[in-house]
> 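The structure under discussion is supplied below as structure tokens; questions concerning it will follow.
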Amino acid sequence: MSLGVGAVCFASHIMPHIGCCNTFVGSKNFEKLSRYQLCSKAAFASTSSPGEAADYSGAEQLLSGGRGKGKKLSIAGVEQDELVEPHVLAEQDSCFCEFKGVRVHYKKCHHHDHQNAESHEVATEARIPFPIILLHGFGASAFSWSRVMRILARLTSSGVVAFDRPGFGLTARPHEIQEQMVNPYSLSFSVLVTLHFIHLLAAQKAIIIGHSAGALVALDTYFEAPERVAALILVAPAVFAPLRIRGTARSRSGMGDFDGNTNLIHDDESDFPSTIPHQNPFLSIWGIFSRFFAYIASSIMKLLKRMTSFATFLYKGALTAILRSTIGLTLVRFVIDKFGIAAIRNSWHDVNQITEHVIHGYTKPLRAKNWDKALLEFVVAMLTDSPSESKPPLSQRLAEIACPVLIITGDNDRLVPSWNAERLSRVIPSSCLEVIRNCGHLPHEEKVEEFVSIVQKFLQRVWGPSEEQLVQVAIA
């Protein structure tokens, strides 16, 4: 799933449950939701301000008290009575690194590790000189890339890395966030982790492949450090293209003086009187009044902007308090329990390909301690994240991308429709669009061979097959 799409689904599922649960969830589900909510008077007993660590103790007491003796709480088929630390769930090929106090789980593949593998053999005359970093989407983890990691490793001479973003997979779930540190559940933190792995791989540049919400991290990584990104591959990107597509040159030059100088009244007094005949005193008086009214209008606009910022601050504070309350935590558990597996099935075109192994891979992180609180903190960070005032919105910067870009989507993507990917390709200069037929939201899982073939052709088309060209690109 994706960040933006996941949030929309989250909200659309939560709101109906508050007022009309028994109209569509059935008696059993309604009883379970009632057991989750338990006590409306205590719903806001365990809230915290945006700058403090969340206190979920009230929710824990209510949830544990709502179960009868001998009954075990299960979320999406995963028992919740014996949760463990995320690193305990590590697999044989799991790796961990410490970044800004967070223990990040990742997996790494190198072409030397699988030279004798016979399946999905990729014939390449020369390997790409850059490593590949894989970024998963909302609700997923490094597991999502397990079917293509080894194959992609044969395309590059520097290896492939996939890591779990905080709040997902087996990465640690910190619950005490200091004000001076970057919120580990924020988009900015994921960008920093991505750049950290480029450094760990001792590479000057990397090819970044982002799926769904991971595409948003990939794009932000590019704009944070474009010199570190060799190419972008956006898979079913949950990055919504602007409704109005305009050329970069037109948008820059069409504004005229308003783009570089927004002051209609100049501060230099010599400019204004030069256009007014000195022999007409009425025009001079009118000029004074014009300056006065312009000053008043400017002051009012500044006041309104400050009032809007203050109202936004209050809104975000109230929203954070609600999400971190008992209601927020119980609804997160209810949504994951009732709709988690359905979301996985909805991401595939052919549901018959969904095996128990796939279900287990996606639900395994539900055995980690504090998975629900971390997911809630991720949603809080997503909804309360303030855009930078010094940078324009992402939709206005897409036309500035200068590196090679490949966009891959499925023709039957129910979460992020393929038409959005098509519009995105028209915004990003010189980008390539590939639509895989009979494919849903997970091309790298559902159509492995087609996905790898598209990626391979793109990389070879960009850098060419000759070793001499690859060396020159690596040095540049």
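Everything numeric in this text was worked out from a predicted model, so none of it was measured. Residue numbers start at 1 and run along the sequence shown.
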> Using a strict threshold of under 4.0 Å (side-chain N to carboxylate O), is an ion pair present between E91 and K107?
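So K107 pairs with E91 through a salt bridge.
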
> Treating R228 as the side-chain partner and Q204 as the backbone partner, does any N or O pair qualify as donor plus acceptor under 3.5 Å?
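Flag set: sc R228 to bb Q204 pair under 3.5 Å.
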
> For the pair W145 and H211, name the ring-plane relationship: parallel under 30°, tilted 30 to 60°, perpendicular over 60°.
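It falls in the perpendicular class, over 60°.
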
> Quick one: does any side-chain atom of Y362 pair with a main-chain N or O of I341 as donor and acceptor, under 3.5 Å?
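Between the backbone of I341 and the side chain of Y362 there is no qualifying donor-acceptor contact (under 3.5 Å).
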
> Counting only N and O atoms by type, is there a donor-acceptor contact under 3.5 Å from the side chain of D411 to the main-chain atoms of C439?
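Present.
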
> Taking the six-membered ring for Trp and the single ring otherwise, decide whether the centroids of W371 and F168 are under 6.0 Å apart.
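Here the rings of F168 and W371 have centres that are no less than 6.0 Å from each other.
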
> Does the side chain of W463 reach to within under 4.5 Å of the side chain of I207, using non-hydrogen atoms?
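The answer is yes, as the side chains (C-beta and beyond) meet within the 4.5 Å cut-off.
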
> Please give me the minimum heavy-atom distance between V332 and D372, naming the atom from each residue.
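So the two residues come closest at CG1-O, 4.2 Å.
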
> Do E377 side-chain atoms and H175 backbone N/O form a donor-acceptor pair below 3.5 Å?
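It does not hold such a pair.
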
> Take E98 and V104, measure what side chain to side chain contact (heavy atoms under 4.5 Å, CB included) needs, and give me the verdict at the end.
CA-CA 6 Å; E98 196 84 8; V104 179; over 6 Å; no

> Is the closest side-chain heavy-atom distance between R103 and T171 below 4.5 Å?
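Not touching, per the 4.5 Å side-chain cut-off.
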
> What's the shortest heavy-atom distance between A213 and A238, and which atoms?
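Residues A213 and A238, closest heavy atoms: N-CB, 3.9 Å.
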
> Name the one of V416, L394, D220, L234 that satisfies side chain to side chain contact (heavy atoms under 4.5 Å, CB included) with V239?
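So, applying the side chain to side chain contact (heavy atoms under 4.5 Å, CB included) to V239 and each of V416, L394, D220, L234, only L394 qualifies.
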
> As an exercise, state the distance from OG of S418 to CD1 of I407, rounded to the nearest 0.5 Å.
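Between atom OG of S418 and atom CD1 of I407 there are 12.0 Å.
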
> Taking L83's backbone N and O only, do any of them form a donor-acceptor pair with R367's side chain (distance below 3.5 Å, no angle check)?
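Answer holds: no.
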
> Can you spot which of F189, Y106, F163 makes a ring pair (Phe, Tyr, Trp, His ring centres under 6.0 Å) with F99?
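In the set F189, Y106, F163, the residue that makes a ring pair (Phe, Tyr, Trp, His ring centres under 6.0 Å) with F99 is F189.
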
> Taking E434 first and then K457, would you say they form a salt bridge - that is, a charged N and a carboxylate O separated by under 4.0 Å?
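Salt bridge flag = no for K457 with E434.
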
> Whether the side chain of S144 engages the backbone of A140 through a donor-acceptor N/O pair (distance < 3.5 Å, no angle test) should be reported.
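No; judged by distance alone, with no hydrogens or angles, the pair does not exist.
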
> Please report the interatomic distance CD(E224) to CG(L192), rounded to the nearest 0.5 Å.
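If I round to the nearest 0.5 Å, the distance is 6.5 Å.
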
> Provide the closest heavy-atom pair for D164 versus L170 in the form atom of the first, atom of the second, distance.
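Smallest interatomic distance, heavy atoms only, reads OD2-N, 2.8 Å.
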
> Any chance you could lay out the side chain to side chain contact (heavy atoms under 4.5 Å, CB included) test for V235 and S212, step after step, and finish with the verdict?
CA-CA 6 Å; V235 186; S212 195; over 6 Å; no

> Output yes when a side-chain donor or acceptor of T156 lies under 3.5 Å from a complementary backbone atom of F130, and no otherwise.
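Answer holds: yes.
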
> If you define the side chain from C-beta out and look only at heavy atoms, does anything of C97 sit under 4.5 Å from L200?
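Result yes, sub-4.5 Å side-chain heavy-atom pair found.
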
> Could you tell me if the side chain of Q80 sits less than 4.5 Å from the side chain of V78, heavy atoms only?
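Of all side-chain heavy-atom pairs linking Q80 with V78, at least one is under 4.5 Å.
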
> Any donor and acceptor pair, going by atom type alone, linking the side chain of N420 with main-chain N or O of A241 inside 3.5 Å?
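It does hold such a pair.
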
> Counting C-beta onward and ignoring hydrogens, is there a side-chain heavy-atom pair between L134 and M149 closer than 4.5 Å?
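In contact.
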
> Hey, are the side chains of M382 and V380 touching, using non-hydrogen atoms and a 4.5 Å cut-off?
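Counting from C-beta outward, M382 and V380 never come under 4.5 Å.
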
> List the atom of I198, the atom of A206, and the distance in Å for their closest heavy-atom pair.
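For I198 and A206, the tightest heavy-atom pair comes out as CG1-CB, 3.8 Å.
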
> Classify the ring geometry between F96 and H105 as parallel (under 30°), tilted (30 to 60°) or perpendicular (over 60°).
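Plane angle between 30° and 60°, so tilted.
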
> So, S453 side chain and E449 main chain: donor-acceptor pair closer than 3.5 Å or not?
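Absent.
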
> Just so I know, are the side chains of L442 and W348 near enough to count as touching, which here means a heavy-atom distance under 4.5 Å?
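Answer yes - side chains close enough.
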
> Under 4.0 Å between a Lys/Arg side-chain N and an Asp/Glu carboxylate O for R173 and E85?
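No, no charged N to carboxylate O under 4.0 Å.
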
> Is the closest side-chain heavy-atom distance between V405 and C432 below 4.5 Å?
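No, every pair of side-chain atoms sits at 4.5 Å or beyond.
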
> Check each of V452, I436, I454 against K447 using the side chain to side chain contact (heavy atoms under 4.5 Å, CB included) test, and report the only one that passes.
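Of V452, I436, I454, side chain to side chain contact (heavy atoms under 4.5 Å, CB included) with K447 is met by I436 alone.
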
